[in-house]
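Below: one structure, written as structure tokens.
No experiment lies behind these values; they were computed from the predicted model shown.
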Amino acid sequence: MGQEIAERYQDVAAKIEAAKKRRTTVPKEAAVTLVAVTKNHDTAAMREAIAAGATDVGENRVQEAKGKFAEIGNCVTWHLIGHLQTNKVRQAVKFSDLIHSVDSLHLAEAINSEAARIDKVQDILVQVNLAREESKSGIYKEDLFAALQAINVFPNLRLRGLMCMAPNYEDVEMCRPLFREMYEIFREVQDLDLPTSNIDTLSMGMTHDYEIAVEEGANMVRVGTAIFGPRQY
């Protein structure tokens with residue numbers, strides 16, 4: 001099992017490097033962070049991925065992440081990538097290095113309050129629902145810039161960039177225009193006057209579409225199944 005995870009991790013890393021070489025509008029040398037998504041996989045599997053080179057791990061659920069953090073600790077960077085409910089914010093802020101799924105001002109305010117309580121500046125990404133899917137959370141494009149300006153004033157948040165998910169198209173090439181537009185929005189956000197922010201992260205792409213996401217400008221991808229195999233329920 002461990003050998004399989006190591007080989008899969010290296011395979012994904014190699015595919016990311018190949019995708020970078022196919023970039024046309026994005027600098028080919030711009031780095032990409034691979035977040036190994038460990039949802040429904042145990043800490044033994046996580047340790048195998050870490051041994052293979054994983055430096056960043058992603059979790060969807062606060063409760064599951066909290067238990068794994070108690071075992072694994074700070075030897076990796078912890079990403080909370082799933083939908084975050086306000087009643088779980090206190091736990092999430094304790095272990096999360098980067099929260100990807102800030103989808104409302106209400107949630108941002110709750111994270112800021114909890115971060116202030118423990119004297120922490122919490123790194124966050126704002127989730128953008130570019131495809132306007134009702135089944136997904138996220139801020140719509142037309143509301144984004146106003147939301148970012150509002151979030152920028154929270155003293156215990158550091159806005160690091162944007163996250164998005166593409167629809168699960170059968171033809172993965174259909175994701176390309178959305179990822180391309182998301183990169184353009186990311187560049188526009190970098191040009192905004194957001195003095196307390198550090199806009200350096202565009203998190204997009206998962207197991208089925210991460211290669212296209214990298215080609216179109218993602219500098220962070222969230223990959224689970226391609227590394228760990230099917231989820232263990």
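Note that Arg8 lies outside the cation-pi zone of Phe228, set by a 6.0 Å cut-off to the ring centre and a 45° limit from the axis.
For the atom pair CG of Asp103 and CG of Asn129, the computed distance is 9.5 Å after rounding to the nearest 0.5 Å. Here the straight-line distance linking atom CG of Leu192 with atom CG of Asn152 works out to 9.5 Å at 0.5 Å rounding. Distance check: Glu133 CD to Leu130 CG gives 10.0 Å after rounding to the nearest 0.5 Å. One distance of note links CG of Leu162 with CD1 of Ile185; it measures 7.5 Å at 0.5 Å rounding. Taking OG1 from Thr86 and NE2 from His106, the interatomic distance works out to 4.5 Å, rounded to the nearest 0.5 Å. Between the SG atom of Cys175 and the CG atom of Asn168 there is a distance of 8.0 Å, given to the nearest 0.5 Å.
Between the side chain of Asn156 and the main chain of Gln122, no donor-acceptor pair closer than 3.5 Å is present. Using modelled atom types, one side-chain atom of Gln190 and one backbone atom of Ile199 make a donor-acceptor pair closer than 3.5 Å. For Thr38 (side chain) and Met46 (main-chain N/O), no donor-acceptor pair under 3.5 Å exists by modelled atom type. Without hydrogens or angle criteria, Gln10 side chain to Ala52 main chain gives a donor-acceptor distance under 3.5 Å. Distance alone, capped at 3.5 Å, is enough to place a donor-acceptor pair between the Asp42 side chain and the Ala45 backbone. Side chain of Glu48 to main chain of Ala6: no donor-acceptor pair is present (N/O by atom type, distance under 3.5 Å, no hydrogens or angles).
The shortest non-hydrogen separation linking Gly217 to Val26 is CA-CG2, 3.5 Å. Smallest separation of non-hydrogen atoms from Tyr9 and Thr55: OH-N, 4.3 Å. Across every non-hydrogen atom of Leu107 and Ser101, the tightest pair is CD2-O, 3.7 Å. In terms of heavy atoms, Ala65 sits closest to Trp78 at O-CZ3, 4.1 Å. Here the shortest heavy-atom pairing between Met182 and Cys164 reads CG-SG, 3.6 Å. Smallest separation of non-hydrogen atoms from Asn219 and Leu202: OD1-N, 2.8 Å.
There is a side-chain donor-acceptor pair under 3.5 Å between Arg222 and Ser203. Using a 3.5 Å distance cut-off with no hydrogens or angles, the side chains of Glu71 and Thr43 do pair a donor with an acceptor.
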Residues 11-18, side-chain donor-acceptor partners within the protein, below 3.5 Å, at least two apart:
residue : atom : partner : partner atom : Å
Asp11   : OD2  : Lys15   : NZ           : 3.3
Glu17   : OE1  : Lys20   : NZ           : 3.4
Glu17   : OE2  : Lys20   : NZ           : 3.4

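Asp119 CG: 12 or fewer foreign heavy atoms inside a 6.0 Å radius.
Linking Ile, Leu, Val, Met, Phe, Trp and Tyr residues whenever their side-chain heavy atoms come within less than 4.5 Å leaves Tyr183 and Val221 in two separate clusters. Both Val57 and Met204 sit in one connected hydrophobic cluster of ILVMFWY residues. Membership requires side-chain heavy atoms under 4.5 Å apart, directly or through other members. Under the 4.5 Å side-chain contact rule for hydrophobic residues, Ile81 and Val89 do not share a cluster. Clustering ILVMFWY residues whenever any of their side-chain heavy atoms sit less than 4.5 angstrom apart, transitively, puts Leu157 in a cluster other than the one holding Leu125. A single hydrophobic cluster is seen to contain both Val172 and Leu178, as judged by linkage of ILVMFWY side chains at heavy-atom distances under 4.5 Å, directly or through other members.
Leu194 has its side chain within reach of Leu159: a pair of non-hydrogen atoms, C-beta onward, lies under 4.5 Å apart. You'll find the side chain of Arg23 reaches within 4.5 Å of the side chain of Val214, heavy atoms only. Under the 4.5 Å side-chain criterion, counting only non-hydrogen atoms from C-beta, Thr77 is not in contact with Leu98. Residues Val102 and Ile111 are in side-chain contact: their nearest non-hydrogen atoms beyond the backbone lie under 4.5 Å apart. Residues Met206 and Val223 are not in side-chain contact: their nearest non-hydrogen atoms beyond the backbone lie 4.5 Å or more apart. In this structure, the side chains of Leu148 and Val189 come closer than 4.5 Å at one or more pairs of heavy atoms. When side chains are defined from C-beta on, Val126 does not count as touching Met163, because their heavy atoms never get closer than 4.5 Å. Side-chain contact between Asp209 and Phe179: present, with at least one pair of heavy atoms (C-beta onward) separated by less than 4.5 Å.
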**OP:** Could you walk me through whether Ile72 and Arg47 pass the side chain to side chain contact (heavy atoms under 4.5 Å, CB included) test, one step at a time?
**Re:** CA-CA 8 Å; Ile72 300 287; Arg47 290 183 195 282; 3.7 Å; yes

**OP:** Please test Thr33 against Asp56 for side chain to side chain donor-acceptor pair (under 3.5 Å), starting from the C-alpha separation and ending with a verdict.
**Re:** CA-CA 8 Å; Thr33 299; Asp56 294 71; 5.4 Å; no

Subject >> Derivation of the side chain to side chain contact (heavy atoms under 4.5 Å, CB included) call for Phe69 and Asn74 >> reply: CA-CA 8 Å; Phe69 180 78; Asn74 284 317; 3.4 Å; yes

**OP:** In sequence, state the C-alpha distance, the side-chain angles, and the governing distance for Glu142 and Arg132, and then conclude on salt bridge (charged side-chain N to carboxylate O under 4.0 Å, His left out).
**Re:** CA-CA 11 Å; Glu142 62 268 24; Arg132 304 182 74 91; 2.9 Å; yes

Original post:
After noting the C-alpha distance and the side-chain angles of Met165 and Lys136, does the key distance pass the side chain to side chain contact (heavy atoms under 4.5 Å, CB included) rule?
Top reply: CA-CA 8 Å; Met165 289 185 276; Lys136 290 194 176 91; 3.9 Å; yes

Original post:
side chain to side chain contact (heavy atoms under 4.5 Å, CB included) between Ile118 and Val93: does it pass, once the steps are laid out?
Top reply: CA-CA 9 Å; Ile118 61 171; Val93 168; 3.7 Å; yes

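Looking at Glu216 and Arg22, no side-chain N of the basic residue comes within less than 4.0 Å of a carboxylate O on the acidic one, giving no salt bridge. Ion pairing between a basic and an acidic side chain is recognised when a charged N comes within 4.0 Å of a carboxylate O; Lys68 and Glu64 show such pairing. Salt bridge present: Glu173 and Arg176 bring a charged side-chain N and a carboxylate O closer than 4.0 Å.
Among His79, Arg158, His100, the one residue that satisfies the side-chain hydrogen bond (donor to acceptor under 3.5 Å, both in side chains) test with Asp123 is Arg158. Tested against Lys141, the residues Glu184, Glu188, Glu181 include a single salt bridge (charged side-chain N to carboxylate O under 4.0 Å, His left out) partner, Glu181.
Sorted by first and then second residue, the pairs that involve residues 90-102 and meet salt bridge (charged side-chain N to carboxylate O under 4.0 Å, His left out), not counting sequence neighbours, are Arg90-Glu114.
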